[in-house]
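Notes follow once the structure below has been shown.
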Amino acid sequence: MKEYVMGNGAIALGARQAGVSVVCGYPGTPSSEIIETIAKYPHEGMHLEWSVNEKAALEVAAATSYAGARAMVTMKQVGLNVASDPLMSLAYVGVEGGFVVVSADDPGPISSQTEQDTRRFAEFARIPVFDPATPQEAYEMIQDAFAYSEKYKTPVIFRPTTRVCHGYASISAPDTFAPVRGKGFEKDAGRFVIFPRLSYKNHGLIEERNVKIGEEFSSYRFNTAEGGPAKKAVLASGVSYMYAKEALLDHSGVKLIRIATAYPLPESFLLRELAGVEEVMCLEELSPYLEEQLLKLAGKHHLSLKVWGKLTGHVPAMGENSTEIVQKILASYLGWDSQAQENAKIPPLPARPPVLCAGCPHRASFYAVKKAMAGKKTYYCGDIGCYTLGNAMPLDMVDTCLCMGAGVTMAQGFSHIDSEGKAFAFIGDSTFFASGITGVVNAVFNEADLTICVLDNSTTAMTGHQPHPGTGRNMMGHQTQKVSIEKVLEGIGIQKIITTDPLDLAASMDAVRECADLPGVKAIIFKSPCIAIEKSKKKCHITDDCINCKLCIKETGCPALTIAEGKVTIDASLCTGCGLCSQVCPKAAIGGESHE
Amino acid sequence: MNKDILICGVGGQGTVLSSRIIAAAAMEQGYPVKSAETIGMAQRGGPVTSHVRIGENAFSPLIPKGKADLIIGFEPAEVVRNLDYLATGGLAVVNTAAIRPTTASLSGDGYDGSEMRAYLQEHVNCILADGNKECEQLGSVKFLNILLLGIAQGSGKLEIPGEVMIKEIEKRVPEKFREVNILAFNRGCEIGEQSKA
Ligand code: SF4
Ligand code: SF4
C-alpha cells in the first residue's frame, strides 16, 4: 500500500514491518501519533498500550524483549528523563528481542519544557542512536534500529525531531506483517539480575562493542557524503541536513557530510571523508553534539581542521534551524551574495498566545478557586497539560509549572516554608495517574497542608485525547475497570475529598473555601468532560439587559466572548453554553438556549 | 511542477483539512509531495500554518522564506504574519474576516483586521474575500476551508484539475456535508475566477 502519512505514521508502519509485537508509551508532543497509527492499522498479534508513564512503558516492554519479543517504547524527550532509570540499567543488562526507544526531540521548543538533545542521552547510556531526516528515512531507519538492537543485544534509541514527526510524506509499506513474539523467557539470573559485578563486566563489553558498532556505522547507508572533494565541508544531522541540501541546490565546491548515527560515532567514515578538508561548518539543532565529537576526533587524530558551529557562535545556540537560517550561515561561510527580500514594513500584528478553549471546564475550575481565595495569600502550583494555559490573563492562576507531577510536591514545599499562605496543586487526570499519586502519598506522609485540585476532564486533552486508567478504555480497545481517582485519594488516607461540577460556580467556590479552611491534605475533584470529547449542543446569548460593562470578558477571558461594533457578543460557533459567563454577569444578561 | 503552498490561520479554523486535500490531489497527479503542520499548544487559538511542498526540488518539510507561490490565509493578520514566505509574483488568497484574540478583547486593543486588509490590498498580489459571510449563506463557517480552496482553484494558481480536487474533497468530508462542501468549492472557484479577470 502507498500511504500519505505523518512521520510518526512512517515510524509506526516501519516498526510494524520490522515485526514489532509490543508497543508501549506515554503521550507527548511530538511523539503521540506513533502508537495511534499502529492502533489504526491492522495489528493482530501485537500488544499496544498507553502506559501510566514512560518508566512503566519501558519496563513493560523490556520484559517482553527479555522473552524475545520485538518491542518499542515511544515518548517525547522529557519522557526519556522519566524512563531514564530503567533505561540506564537496561543498557548494562542488554536485551534479547529487538528493543527500540523512540524519543522525539522538539527543537524550538515548540511544545516542550526543554531543548534537551536525546543524542546526548544515547552517549550517556552508551547505546546506539538513529537520527532520521525525513519521514521516508524514518520508515527505513526504524527497521535498521531493530536489526542493530537484536544483533548487538542492546536497547537502541531512535531520535526523530518535530519536523520529522509532523512532516507528511508518502510511504510504500507492505500490507502484511509478522509480529515477532520470541521463544519465551529463559531464566538466567547471571544475565537478567543486575548486580555490581555484572555491571562491571558488561561495562567493559559495552565499550568494546561500541567500537565495533562505530565501525559498522562507518558503512551505514544513511551516513553519506556528497559534493566532494572540497576544502570546505558542511556536517549536518537530522532535518538540518535537508535544509542544507536545499540551500546548496544551486551551489558546488562544498562537501556535505551527513551523520545519521551520532553515537557510536562512525569514526573511520568521518576520517575518510575529512581527508583534504580544512574547514567544517556543523549544522545541527539543540546541542553542538556532532561539533564536539568532531573536535574530539580532530584532537585524537591530530587533524588540522577548523570547526565552526554553535560553539563558535556561527549557528544559533537555541531554537529551530530553517532553510533561511542555514542559507545565511552558508552564505557567509562560503562567501555567497546573500540577498534578503525586503517587505514593506508590516502593521503591528495581534499576539495570539494559546488559550483554554471556549467552554473549557478548566477555566471554570480556576475561576472558582480564584474567586473563593480572592484577597488571601496563595500558592498556585500548576502542572503539565492543557491547564498550564490557566496561566493566561485574566485567570493568571499558575504560579509554578516545572514538570509532570511537580504541582503536588511543590505545593507541599510551599506549605512547609509558609504556614499562612494556602497552597493549591492543580493536576489533570492523566497527569495524576502518570506521576501525581506518589506526590499525594508524600504530602500525607510528611504532614503537608495543601489542597489538591484534580481537573478531571476524562481524557488526555493536550496531546490529542488518549485514554488513561480513569477512562475505562485502553489502547487495545478494551473496556477496562475505571480506576477511581476518588478511591485512590481515599485509599491514601485523605480525609476531605469533594467532587464538584466546575460549571456550578457557587458549589465549586464553597468546596474551595471548605477545603482551604481545613488543615492537612484535602482534595477537590473538579469533574466535567473536555468539550472536545463531549460535544455540547447548548449556546448562550446576550440579552437586552446587557449594560456592556464587559465584566464577563474581563473575568473569564473566554474566547467565545468578543466585542463587535463596541458591544459584547457571543460567537455562537465557539460557545458551548457552559454558563460560566452567565454566573459572572451582574445583570443576568446572559441567557442559555438549546440549539439543534 | 514545483509548487510551494502555505496555508495559515488560527488554531481551530480547519487549516489541516485544506492542506491534506491539496497534498492528496497533487499526489493523485503523480507529483511527490511533502507537508508539515503545526501540532501542539498552538492549536489552542494560536497561529497555525501548514506547508505543502509539491515537486522534486523540495527537500525540507518547511517552505523557505520568499518561496511560497501561494498563500491561502484564513485570517488577514495571519497572512500578514506569514508574508515573508510569499515569493515575488506569488498570490495570497485571503479571508478578510478577522479573529480578535482574547487578549485584544481584554486590553481593549482595537484589532479588527481593517489595517491588515488595507496593507494587503496596497502591497500584495492578493484576492480578498469575506469567506465567513459567503459561508454563512451556505449555513456555517465550517465550510471556510473548502471555500478558500475553491478561490485558490479559481485563481488558476493551484494548477491541479478541479475534478481531482473535488474527488479529494468528497473523500474527506462527512457524507452529509458533501453536497454543501462542493457548493462552497464551486462558489470559491467563481470568486477566484472573477478576481482573475
Ligand atoms: S457560555 Fe460563556 S463562558 Fe461558556 S463558552 Fe459560552 S461564552 Fe464562553
Ligand atoms: S457581564 Fe453581563 S452586563 Fe456586563 S458586558 Fe457581560 S453580558 Fe453585558
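Letters go in sequence order (proteins before strands), and every chain restarts at 1. Worth knowing before you read on, the calculation uses all heavy atoms, side chains too, and leaves out hydrogens, waters and symmetry mates.
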Most contacts with chain A, counted as non-hydrogen pairs under 4.5 angstrom, among Glu115(B), Glu78(B), Lys142(B):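 Most heavy-atom pairs within the cutoff with chain A belong to Glu78(B).
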Among Ser60(B), Pro32(B), Ser19(B), residue most engaged with chain A (heavy-atom pairs, under 4.5 Å):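 Ranked by heavy-atom pairs under 4.5 Å with chain A, first place is Ser60(B).
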Under-4.0 Å salt bridge between Arg163(A) and Glu37(B):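 Here Arg163(A) does not pair with Glu37(B) in a salt bridge, since their nearest N and O are not under 4.0 Å apart.
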Residues Glu75(B), Arg352(A): salt bridge by 4.0 Å N-O rule: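 Looking at Glu75(B) and Arg352(A), the cut-off is met.
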Glu226(A), CD atom: more than 12 neighbouring heavy atoms under 6.0 Å: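 Above 12, so yes.
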Within 6.0 Å of NZ in Lys171(B), more than 12 heavy atoms from elsewhere: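 Enclosed: over 12 neighbouring heavy atoms sit under 6.0 Å from NZ of Lys171(B).
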With a 4.5 angstrom heavy-atom cut-off, which part of [X] approaches chain B: side chain, backbone, both or neither?
X	result
Cys558(A)	backbone
Leu249(A)	side chain
Glu33(A)	side chain
Glu324(A)	side chain
Pro30(A)	neither

Testing the basics here: between [X] and [Y], what is the closest heavy-atom pair and its distance to 0.1 Å?
X	Y	value
Glu246(A)	Pro64(B)	OE2-CG, 3.2 Å
Ser170(A)	Met27(B)	CB-SD, 3.6 Å
Phe59(B)	Lys245(A)	CE2-CE, 3.3 Å

Ser322(A) OG to Ile63(B) CD1 distance, which is reported to the nearest 0.5 Å: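 These two atoms lie 12.5 Å from each other.
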Atom pair CD1/NE2 of Ile346(A) and His123(B) - distance to nearest 0.5 Å: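 Rounded to the nearest 0.5 Å, the CD1-NE2 separation comes to 10.5 Å.
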Interface moiety of Ile99(B) toward chain A, non-hydrogen atoms closer than 4.5 Å: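 The answer is both parts of Ile99(B).
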Distance-only side-chain donor-acceptor flag, Ser35(B) / Tyr4(A), under 3.5 Å: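 Their side chains do contain a donor-acceptor pair, which is all the 3.5 Å distance test asks for.
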Minimum side-chain heavy-atom gap Pro347(A)-Val80(B) below 4.5 Å: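 Contact flag for Pro347(A)/Val80(B) side chains = yes.
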Side chain proximity check, Leu62(B) to Thr323(A), heavy atoms < 4.5 angstrom: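 SC-SC contact between Leu62(B) and Thr323(A) ruled out.
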Main-chain N/O of Pro350(A) paired to Arg81(B) side chain as donor or acceptor, under 3.5 Å: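 Flag set: sc Arg81(B) to bb Pro350(A) pair under 3.5 Å.
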